[in-house]
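Accompanying notes for the structure given below.
When reading the values below, keep in mind they use all heavy atoms of this one structure, side chains included, and skip hydrogens, waters and symmetry mates. Everything numeric in this text was worked out from a predicted model, so none of it was measured.
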Amino acid sequence: MNIDPKSPIGVFDSGVGGLTVVRALMERLPFENIIYFGDTARVPYGVKSVETIAHYTTQIAQFLLQKDVKLLIIACNTMAAVAAQMVKDLSAVPVLDVIDAGAVGAVAASQSRRIGVIGTPTTINSNAYARAIHEYDADMRIYSQACPLFVPLVEEGWLEHEVTRLTAQEYLRPVLAQDIDTMVLGCTHYPLLKPLLQEVSGEDVQLVDSAEAMAEQTAALLAERQLANAQRSMPSYEFYVTDVPLRFQTIGERFLGRSLANVHVVKW
Ligand code: DGL
């Protein structure tokens, strides 16, 4: 298949959280066109069954492939945890996922080979991060913890709130007790909690932001396959969502770090 380097990168997530990945991509690859899909009508995925997530994921991947994307990025950790292989099987263009990117970042960062992973219940129960990390280094010790309250707290904007700090202390206590030196932020929402999580974890724990890791991996793949957009004009950014819920604009802009325009609603 002939892939056009000028084609957009397709990024998708269960909602607006994947905009943390778009933000990292915009900063790392400022000339790439991007199409984003957020399933805002059906979010959250992190507490849904594997079958349901797999069904939704296929639907979204097919939608983006019809838009002639040159690369698919699964920005949602939960989707990547349970349906990455399915997306790879149906896609003619390369597929990258945040879990693999986070695993590479964690293996590179850890000296003590003791890594913590935090994410949604579905991501943690799937054990996908441990599998991905062990593919790169079978001797890594992984300690994981589901943090279901972090997604609503971030959406509420309580990024430095005392309630969030207490919640983080409670969730992280068992993982930090394992003497880890690296912790993977295995959910789209967690990069926004980075300052607070760093404070709670202490300076000796390196946080791996899977959005940044994803942007690095994307840059490497585009260079390797000669798929980088050579044009130096202003890129186009398009956003597709399945619903425009209350406070969509505010929350979306918090994740993206800039104003959110060109939003289209898809009715399924
Ligand atoms: N995007 C999800 C993730 O990265 C978090 C939100 C959800 O539960 O759908 O796991």
Seminar exercise, completed: Here the pair of heavy atoms bringing Glu253 nearest to Leu260 is OE2-N, 3.0 Å
For this session: Give every residue pair that meets the side chain to side chain donor-acceptor pair (under 3.5 Å) criterion with at least one member in residues 174-188, sequence neighbours excluded.
Result: Ser110-Asp181, Ser112-Asp181
Problem set entry | Inter- and intrachain pairs under side chain to side chain donor-acceptor pair (under 3.5 Å), touching residues 233-248, at least two apart | Asp39-Thr242, Lys67-Tyr240, Glu238-Tyr240, Glu238-His264
Exercise. Is the backbone N or O of Val205 less than 3.5 Å from a side-chain atom of Gln198, with the two atoms forming a donor-acceptor pair by type?
Worked result: yes
Exercise. Linking I/L/V/M/F/W/Y whenever any side-chain heavy atoms sit under 4.5 Å apart, do Val47 and Val43 land together?
Worked result: no
Problem set entry | Any residue meeting side chain to side chain donor-acceptor pair (under 3.5 Å) with Gln226, in chain and number order, not counting sequence neighbours | none
Exercise. What is the minimum heavy-atom distance between Ser201 and Leu172, and which atoms define it?
Worked result: OG-CD1, 3.8 Å
Exercise. Are the side chain of Arg232 and the backbone N or O of Asn229 linked by a donor-acceptor pair below 3.5 Å?
Worked result: yes
For this session: Please name all residues satisfying salt bridge (charged side-chain N to carboxylate O under 4.0 Å, His left out) with Glu135, sequence neighbours left out, ordered by chain then number.
Result: none
Problem set entry | Exam field: side chain Ser91 to backbone Val87, donor-acceptor pair closer than 3.5 Å | no
For this session: Measure across Trp158 and Thr164 and return the closest heavy-atom pair with its distance rounded to 0.1 Å.
Result: O-OG1, 2.7 Å
For this session: Return each pair, listed once, that meets side chain to side chain donor-acceptor pair (under 3.5 Å) where at least one residue sits in residues 115-126; pairs must be two or more places apart or across chains.
Result: Thr78-Thr120, Thr78-Thr123, Thr120-Thr123
Exercise. Does Arg28 reach the main-chain N or O of Gln217 with its side chain, forming a donor-acceptor pair under 3.5 Å?
Worked result: no
Seminar exercise, completed: Minimal heavy-atom distance between Ile99 and Ala80, with the atoms involved, is CG1-CB, 3.8 Å
Exercise. Would you find a donor on one side and an acceptor on the other, under 3.5 Å apart, between the side chain of Tyr56 and the backbone of Met79?
Worked result: no
For this session: Check the hydrophobic clustering (I, L, V, M, F, W, Y; side-chain heavy atoms under 4.5 Å; chains of links allowed) and say if Val104 and Leu185 are grouped together.
Result: no
Exercise. Val22 and side chain to side chain contact (heavy atoms under 4.5 Å, CB included): which partner among Asp13, Ile9, Leu256, Val16?
Worked result: Leu256
Problem set entry | From CA spacing to verdict: side chain to side chain donor-acceptor pair (under 3.5 Å), Gln66, Gln62 | CA-CA 6 Å; Gln66 277 161 15; Gln62 277 162 346; over 6 Å; no
Exercise. When hydrophobic residues are tied together by side-chain contacts of less than 4.5 Å, even through go-betweens, does Val11 share a cluster with Val265?
Worked result: yes
For this session: Please check if Phe255 and Ile60 belong to a single hydrophobic cluster, counting links between Ile, Leu, Val, Met, Phe, Trp and Tyr side chain heavy atoms closer than 4.5 Å.
Result: yes
Seminar exercise, completed: By side chain to side chain contact (heavy atoms under 4.5 Å, CB included), Ile3 pairs with (sequence neighbours left out) Met1, Lys70, Val93, Pro94, Leu227
Problem set entry | Least distance between heavy atoms, Asp139 atom then Asp137 atom | N-OD1, 2.9 Å
Problem set entry | The single option from Asn77, Asn127, Ile180, Ile142 passing side chain to side chain contact (heavy atoms under 4.5 Å, CB included) against Val117 | Ile142
Problem set entry | In one Ile/Leu/Val/Met/Phe/Trp/Tyr side-chain cluster, 4.5 Å: Tyr129, Met140 | yes
Exercise. Would you say Tyr190's side chain and Gly119's backbone share a donor-acceptor pair under 3.5 angstrom?
Worked result: yes
Exercise. In terms of the angle between their ring planes, are Trp268 and Phe37 parallel, tilted or perpendicular, with boundaries placed at 30° and 60°?
Worked result: parallel
Exercise. Would you find more than 12 non-hydrogen atoms of other residues, nucleotides or ligands less than 6.0 Å from Arg141 atom CZ?
Worked result: no
Problem set entry | Side chain to side chain, Leu19 and Phe239, heavy atoms closer than 4.5 Å | yes
Problem set entry | Other residues, nucleotides, ligands: >12 heavy atoms within 6.0 Å of Asp204 CG | no
For this session: I would like to know whether Phe150 and Leu193 meet side chain to side chain contact (heavy atoms under 4.5 Å, CB included); could you show each step before the answer?
Result: CA-CA 9 Å; Phe150 280 171; Leu193 293 176; 3.8 Å; yes
For this session: Could you pull out the closest heavy-atom pair between Ser210 and Gly102, with the gap in Å?
Result: CB-CA, 4.2 Å
